[in-house]
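Each ligand, and each atom within it, is numbered from 1 in the order the structure gives. One-based numbering along the sequence shown.
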Amino acid sequence: MPANKKLLVLPGDGIGPEVMGQVGRMVEWFGDRRALKFDLEEELVGGAAIDVHGVPVTDKTVDTATNADAVLLGAVGGAKWDSLPFEQKPERGLLRLRKDLGLYANLRPAICFDALVDASSLKPEVVSGLDIMILRELTGGVYFGSPRGIETLPDGTRRGVNTQVYTTPEIHRVARVGFELARKRGNKVCSVEKANVMESGVLWREEVQKLHDAEYQDVELSHMYADNCAMQLVRNPKQFDVIVTDNLFGDMLSDEAAMLTGSLGMLPSASLGDPDETGRRKALYEPVHGSAPDIAGQGIANPIACLLSFAMMLRYSLDLGGEADLVEGAVRNVLSGGKRTGDIAKPGEATVSTGEMGTAVLDELERLGA
Ligand code: IPM
Ligand code: MG
């Protein structure tokens, strides 16, 4: 009997606990029907942790996360904690987990399900069949660079500073993930920066090219400025396969790519660290959407991004690609069958609750996987 997989669940704030509840049901399904057993631990993160522990993530939770096979996170943040000092905000909990676990490779797939081509604000022909992967560097760049801060100058005016900084190892390790991903997909990488303005962008471009020429000549590599990429994503998104970019550009471009698929409520993500001696990578899985305070507590949030994040965990942390396909197939069929939460419904269309969507996906899983 293989050991149970250790899973740390961090529901977080807003709609986080609601959508994570549906993942809990899926975990049970896999235990009952596929003999896939998990040891689950649950902890607070974000505002929920601030309310109880006074910090957005405790040392103990970071420790548990470090030792888990995978971490599943819902969402963090909300108006209640907006006025806290910067260092104490809910978001810092998420940023600390990313940094302390060394999760430098953030995979944000943007896939447009056929049943949802009409939910996108772009024309159906532009997005139908879309399947791109945004690979965002997640532990460097301007998010973490120093010096940083706000200072008051002698004349009483103030000065805010952040630093965009990348080293060659930081660029190589994320680019390597990009090339490896591309080999299993459409074999194309587009590297994105602002080499026309920023030295860190010049370095990024040169180093990605160097790694390509040394080890990945079989993969097609192109380079693009970030502003052009933002434009190309809405003009002709299907030209891309894997986009590899830095932390800040990746934050923005992944939100943009998300909307190509119709709703932020559909998009999962994986954040991965370096493989250890057994090949296991530290990993955190989370929906790309935030805590959505406007609809929190009403039971109407779309659980699909969170369920698909669980599927990514099966694929990337547990090497269970077949089981991940099963979850993704169940979601696809449920959407084709017309089930819609509010975020993906057309005006006037009937909608289902978070729990009803979860039930529909589980029923379909049962039908496909029995
Ligand atoms: C994301 C979010 C976070 C980020 C916030 C919540 C800190 O926007 O994961 O994209 O900026 O990285
Ligand atoms: Mg973001």
Side-chain angles (χ1 to χ4, degrees), residues 10-17 19-20 44-50 55-57 62 65 71-110 132-145 148 162-166 170 174 192 226 229-230 233 243-261 263-273 283-294 296 301 305-306 308-309 312-313 343:
L10 302 172
D13 307 320
I15 61 170
V19 294
M20 195 61 84
L44 302 172
V45 73
I50 293 173
V55 287
V57 66
V62 173
V71 181
L72 276 167
L73 187 138
V76 296
K80 184 176 171 195
W81 307 281
D82 273 352
S83 55
L84 284 174
F86 186 74
E87 275 307 314
Q88 294 166 27
K89 281 193 196 299
E91 289 77 7
R92 305 307 300 177
L94 178 56
L95 293 170
R96 178 171 170 204
L97 279 167
R98 290 173 178 172
K99 188 70 177 175
D100 285 11
L101 270 64
L103 308 174
Y104 61 85
N106 182 215
L107 285 59
R108 298 191 163 186
I132 63 179
M133 175 72 84
I134 307 238
L135 174 61
R136 168 188 177 192
E137 199 292 324
L138 201 60
T139 53
V142 74
Y143 271 60
F144 295 98
R148 64 185 301 157
N162 289 93
T163 302
Q164 166 77 340
V165 51
Y166 275 105
E170 285 176 316
V174 71
V192 171
C229 182
L233 271 174
I243 292 175
V244 58
T245 190
D246 77 14
N247 205 343
L248 184 60
F249 294 140
D251 182 43
M252 294 186 278
L253 295 173
S254 61
D255 264 29
E256 189 188 1
M259 274 321 287
L260 303 175
T261 70
S263 169
L264 258 177
M266 298 294 301
L267 283 240
S269 79
S271 305
L272 308 176
L284 181 145
Y285 298 86
E286 58 178 317
V288 172
H289 63 67
S291 56
D294 52 324
C306 207
L308 292 176
S309 298
M312 286 189 92
M313 182 206 75
D343 58 315

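A 4.5 Å side-chain heavy-atom check between E170 and Y104 finds every atom pair outside the cut-off. Inter-residue side-chain proximity for L253 and L233 is flagged as met; some heavy-atom pair is nearer than 4.5 Å.
The protein heavy atom nearest to atom 8 (O) of ligand 1 is D251 OD1, 3.3 Å.
Under the 6.0 Å distance and 45° angle rule, R136 counts as a cation-pi partner of Y143.
The name of the N, O or S atom in D251 nearest to the Mg ion (ligand 2) is OD1.
Annotation: D255 places no N or O atom under 3.5 Å from an N or O atom of ligand 1; distance criterion only.
Counting atoms of ligand 1 from 1 in the listed order, those under 4.0 Å from a heavy atom of E91 are 6 (C), 7 (C). Atoms of ligand 1 lying under 4.0 Å from any heavy atom of Y143, numbered from 1 in the order shown and given with element: 4 (C), 11 (O), 12 (O). Listed by number with element, the atoms of ligand 1 under 4.0 Å from a non-hydrogen atom of R98 are 1 (C), 4 (C), 9 (O), 12 (O).
In this structure, the separation between CZ on R92 and NZ on K89 is 10.5 Å, given to the nearest 0.5 Å.
Under a 4.0 Å heavy-atom criterion, K89 is not in contact with ligand 1. Ligand 1 has R136 within reach: a non-hydrogen atom of the residue lies less than 4.0 Å from it.
Heavy atoms only, all atoms of each residue included: A257 and I134 are closest at CB-CD1, 3.8 Å.
With a 4.0 Å heavy-atom cut-off, ligand 1 is reached by the side chain of R108 but not by its N, CA, C or O.
With salt bridges taken as basic N to acidic carboxylate O contacts below 4.0 Å, one links R98 and E286.
Side-chain contact annotation: D246 with Q164, donor-acceptor N/O pair under 3.5 Å present.
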